[in-house]
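Pasting in a structure now, in structure tokens, and then I'll have a few things to ask.
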Amino acid sequence: MKLAFLMVSVAVACLAQPGGPAPAAPKAPAKGQITSRVDATAPSYKTLKFGPPPELKLPEIPSFTLPNGMKVFLLENHELPLINGFVLVRTGNLFDPKDKIGLAELTGTVMRSGGTKSKTGEQLDEQLENIAASVETGIGETSGRVGFSALKENVDEVLAVFQDVLTNPEFRENKLELAKSQVRSGISRRNDEASDILSRSFAEIVYGRDNPYGWRMEYEHIDRIQREDLVGFYRRYFFPANMILAVQGDFSTADMRASIEKLFGGWNYKQEAVPAFPAVSAKAAPGVYLAPKQDVTQTSFALGHLGGVLKDPNYAALSVMSDILGGGFSSRLFRQVRTRLGLAYSVGGDYGANYGHPGLFQISGSTKSASTVDSIQAALAE
């Protein structure tokens, strides 16, 4: 597979610039000061012997399915008097309409901040803060999440709030406008840091801008989103048969099951099955892509292509390869490009893999503008 390059000029503050003057030699330790050194007589790691790893014993996790289709998992843990749990919903921003990018994110935000039919978001905040509890919501790329955390003594009250937020969100208009304002503020600042430009633009180039994996949220998309869009998105994906509920903590399984059946057993809302997430349709488009930024004096660069998926039988080997190539101070990229050649302040690489679609294989680094070509050539050689 051929490589795509992206370069962004960027200034990086550091103690010693690559290629600059060498740092001063360390001073001799003062009398009585403790120092460390490498023992040349220490045995090699190759002589170390290891026995078989201990047997991995996974806990038994009771599960059941409510008549409405909600799957439930319960795990007792009596180490601390705490109980937490979450619902995972099969949804995500991959289902955003093309003309309303950001709808899923706003739905996940306002689902909590907008309160429920009986209480505003501020009233929920006050109630939960007074008992050291939380109920939070959010929607990412391939899942939505509604979670709670509570002390054992308050779990019934918190579960009631959790159920109310999950089943009766109000999506109040004033909280939607606040969330939209915050998203617009993020858009206005997204080019402040060159590293942000690099990571965002590289993904857009590799995945392509004509699909949900490479879409970019703009002001126009946020302006089109209205309260009824949030309500429609919620009603399409937040139904019991499209959810998994998991609870762990200091409780009796029988008692927790009874509480969940009482809270959610009568929630019989139904929808059609959720379709598959869109496939990655990116085609290799090798080339050099530039993102000029005039107010800086260094370059951030990235090169790579599509990575893989976690179910690939070669994933373990690829992960080890990735670590050897660019996974830290002892990696080949770091030792050659930064330590030996002194070309880059930072450099590394990663073979990315996701559950349902390919991740990104990416080598990235930052260097002086004058060292850009040399740094990239050295990375390519590795």
Side-chain angles (χ1 to χ4, degrees), residues 1-3 12-61 75 77 79-80 195 198-199 202 248 300-355 358-368 371 373-382:
M1 186 175 288
K2 297 183 179 180
L3 297 174
V12 178
C14 57
L15 296 178
Q17 297 289 346
K27 296 180 179 179
K31 183 178 181 180
Q33 181 179 350
I34 297 175
T35 62
S36 62
R37 63 185 178 86
V38 177
D39 187 352
T41 64
S44 168
Y45 71 91
K46 296 179 181 179
T47 66
L48 298 176
K49 304 295 182 183
F50 299 95
E55 181 183 358
L56 177 62
K57 296 182 178 180
L58 298 177
E60 292 291 333
I61 303 178
L75 178 61
N77 180 355
E79 185 175 356
L80 295 171
S195 58
L198 180 75
S199 58
F202 184 79
Q248 78 89 25
S300 285
F301 64 88
L303 52 142
H305 49 65
L306 283 178
V309 293
L310 291 171
K311 65 182 178 181
D312 188 329
N314 293 316
Y315 171 71
L318 290 164
S319 181
V320 173
M321 175 278 295
S322 174
D323 197 55
I324 294 171
L325 175 65
F329 292 106
S330 62
S331 69
R332 294 181 179 181
L333 283 168
F334 195 93
R335 293 170 63 184
Q336 178 68 6
V337 182
R338 184 187 189 278
T339 304
R340 294 174 183 168
L341 299 179
L343 292 172
Y345 173 70
S346 65
V347 63
D350 179 64
Y351 181 84
N354 296 318
Y355 282 101
L360 297 174
F361 168 63
Q362 180 174 341
I363 294 171
S364 59
S366 59
T367 182
K368 296 184 300 182
S371 305
V373 174
D374 292 337
S375 298
I376 292 174
Q377 288 177 339
L380 278 172
E382 293 306 310

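Computed over heavy atoms, backbone and side chain alike; hydrogens, waters and symmetry mates excluded.
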Can you list every side-chain hydrogen bond (donor to acceptor under 3.5 Å, both in side chains) pair that touches residues 47-57, not counting sequence neighbours?
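Output for this query is empty, none listed.
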Got a sec, which residues hit side chain to side chain contact (heavy atoms under 4.5 Å, CB included) with Arg335, two or more places apart in sequence or on another chain?
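Side chain to side chain contact (heavy atoms under 4.5 Å, CB included) check on Arg335 returns Arg340.
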With rounding to the nearest 0.5 angstrom, report the CZ to CG distance, Phe361 to Asp350.
9.0 Å
Contacts of type side chain to side chain contact (heavy atoms under 4.5 Å, CB included), residue Leu48, not counting sequence neighbours
Tyr45, Phe50
Nearest heavy atoms of Phe301 and Ser366, plus distance in Å
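Closest approach of Phe301 to Ser366, heavy atoms only: CE2-N, 4.1 Å.
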What pair of heavy atoms forms the shortest contact from Leu343 to Ser371, and how long is it?
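Closest approach of Leu343 to Ser371, heavy atoms only: O-CB, 3.9 Å.
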Taking every non-hydrogen atom, the tightest pair across Ala344 and Arg338:
O-CG, 3.0 Å
Compute whether any side-chain donor of one residue and acceptor of the other, for Ser300 and Ser195, lie under 3.5 angstrom apart.
no
Shortest non-hydrogen contact between Ala353 and Val309, atoms and distance
CB-C, 3.8 Å
From Leu333 CG over to Thr339 OG1, what is the distance, rounded to the nearest 0.5 angstrom?
11.0 Å
Pairs of donor and acceptor atoms involving the side chains of residues 316-328, under 3.5 Å and at least two apart or interchain, shall be tabulated with distances.
unit_1, atom_1, unit_2, atom_2, d
Ser322, OG, Tyr351, N, 2.9

Set of ring pair (Phe, Tyr, Trp, His ring centres under 6.0 Å) partners for Phe329, sequence neighbours left out:
Phe334
Under the side chain to side chain donor-acceptor pair (under 3.5 Å) test, residues paired with Asp312 that sit two or more places apart:
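Testing Asp312 for side chain to side chain donor-acceptor pair (under 3.5 Å), a comparison that skips the adjacent residues, returns none.
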Side chain to side chain donor-acceptor pair (under 3.5 Å) against Asn77, all qualifying residues, sequence neighbours excluded
Gln248
Run the side chain to side chain donor-acceptor pair (under 3.5 Å) test against Ser375 and tell me which residues pass, sequence neighbours left out.
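Only Thr367 meet the side chain to side chain donor-acceptor pair (under 3.5 Å) criterion with Ser375.
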Considering non-hydrogen atoms only, spot the tightest contact between Ile363 and Ala379 and give its length.
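Of all heavy-atom pairs spanning Ile363 and Ala379, the closest is CG2-CB, 4.2 Å.
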Suppose we screen for side chain to side chain contact (heavy atoms under 4.5 Å, CB included). Which residues come up paired with Gln377, at least two apart in sequence or across chains?
Val373, Asp374
What are the two closest non-hydrogen atoms of Phe202 and Ala302, and how far apart are they?
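So the two residues come closest at CD1-CB, 3.8 Å.
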Flag side-chain contact, heavy atom, 4.5 Å: Leu75 against Pro59:
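Heavy-atom side-chain distance check passes, below 4.5 Å.
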Could you give the distance from CD (Gln336) to CD (Glu382), rounded to the nearest 0.5 Å?
5.0 Å
